[in-house]
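Everything below concerns the one structure shown next.
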Amino acid sequence: TKENSEKVLQENISIVNALINSENVSDGSFDIIINYANSHINKLNKNISESRVCSLIKKGLLAVTQENIKTLFSNKYRSAIVKFAESEHQNNLIEMILGNQELLQYVDAAVIYDFAGSGVAQENVIRLIESTSNELQVANIPYEKIDIVKSILEAGLSKENANSIVDTFS
């Protein structure tokens, strides 16, 4: 019965914590056991789907480690990266990226645009912009993110950015 299953899970949290990071667990089982897991995942299984990673982030179960961030970037889990950056761990995540050249190399224009269009603090997006050499187009930044647009323009006004600004105001 469902009640029996829940009781078994509650009494075996260490098993639940091990299963939550396995790609071999069915989606249905994952949806049940995530409610009982209580331990941070320090080394994310690289074969776990992005939707599961997003669920782990939402439940606060994914630890902010260099290896986990690298896994998210190398798997190209862009929505999970944004969700992680929007979480309570935002500042730790940004600091870890900025402090590690290997992680920083993953921060391309698409990541900057994703962060700029999300709930990531503008000052954190600007710090990433200033630490990379990406050629960014202001047309891809929401115009209400004035500080980010200003930061891109202060780095140098490209022909594309000048044209985008003219088009916006004409």
Roughly how far, to the nearest 0.5 Å, is the [atom2] atom of [Y] from the [atom1] atom of [X]?
{"X": "Ile112", "Y": "Ile141", "atom1": "CD1", "atom2": "CD1", "answer": "7.5 Å"}
{"X": "Ser131", "Y": "Ile126", "atom1": "OG", "atom2": "CD1", "answer": "11.5 Å"}
{"X": "Gln122", "Y": "Lys150", "atom1": "CD", "atom2": "NZ", "answer": "11.0 Å"}
{"X": "Glu11", "Y": "Tyr36", "atom1": "CD", "atom2": "OH", "answer": "11.0 Å"}
{"X": "Ile129", "Y": "Phe115", "atom1": "CD1", "atom2": "CZ", "answer": "11.5 Å"}
{"X": "Leu19", "Y": "Asn24", "atom1": "CG", "atom2": "CG", "answer": "10.0 Å"}

Any side-chain heavy-atom pair from Leu136 and Tyr113 closer than 4.5 angstrom? yes
Check whether any side-chain heavy atom of Asn75 lies under 4.5 Å from a side-chain heavy atom of Glu50, and answer yes or no. no
Hits for salt bridge (Lys or Arg N to Asp or Glu O under 4.0 Å) against Glu144, two or more places apart or cross-chain, chain-then-number order -> none
Specify whether Phe73 and Tyr106 have parallel, tilted or perpendicular ring planes, treating 30° as the upper limit for parallel and 60° as the lower limit for perpendicular. parallel
State, to 0.1 Å, how close [X] and [Y] come at their nearest heavy-atom pair, and which atoms those are.
{"X": "Asn68", "Y": "Leu44", "answer": "OD1-N, 2.7 Å"}
{"X": "Leu93", "Y": "Ala85", "answer": "CD2-CA, 3.4 Å"}
{"X": "Ala80", "Y": "Leu72", "answer": "CB-CD2, 4.2 Å"}
{"X": "Asn124", "Y": "Gln90", "answer": "ND2-OE1, 2.8 Å"}
{"X": "Asn17", "Y": "Ala37", "answer": "OD1-CA, 3.2 Å"}
{"X": "Ile20", "Y": "Ile34", "answer": "CD1-CA, 3.4 Å"}

Under 4.0 Å between a side-chain nitrogen and a carboxylate oxygen: does that hold for Glu95 and Arg127?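 Yes, Glu95 and Arg127 are salt-bridged.
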Are [X] and [Y] connected, step by step, through hydrophobic side chains (Ile, Leu, Val, Met, Phe, Trp, Tyr) whose heavy atoms are closer than 4.5 Å?
{"X": "Leu104", "Y": "Val111", "answer": "yes"}
{"X": "Ile146", "Y": "Ile148", "answer": "no"}
{"X": "Val8", "Y": "Val25", "answer": "no"}

Check against side-chain contact (heavy atoms from CB on, under 4.5 Å), Asp27 and Arg52: CA-CA 9 Å; Asp27 289 338; Arg52 285 191 184 185; 2.8 Å; yes
Does [Y] offer a backbone N or O that forms a donor-acceptor pair with the side chain of [X] under 3.5 Å?
{"X": "Lys145", "Y": "Ala116", "answer": "yes"}
{"X": "Ser151", "Y": "Asp147", "answer": "no"}
{"X": "Asn12", "Y": "Ile15", "answer": "no"}
{"X": "Asn134", "Y": "Val107", "answer": "yes"}
{"X": "Asn21", "Y": "Lys43", "answer": "yes"}

Show every donor-acceptor pair shorter than 3.5 Å between a side-chain atom in residues 55-64 and any protein atom, with sequence neighbours excluded, or say none if there are none.
unit_1	atom_1	unit_2	atom_2	d
Ser55	OG	Ser51	O	3.2
Lys59	NZ	Asn35	OD1	3.2

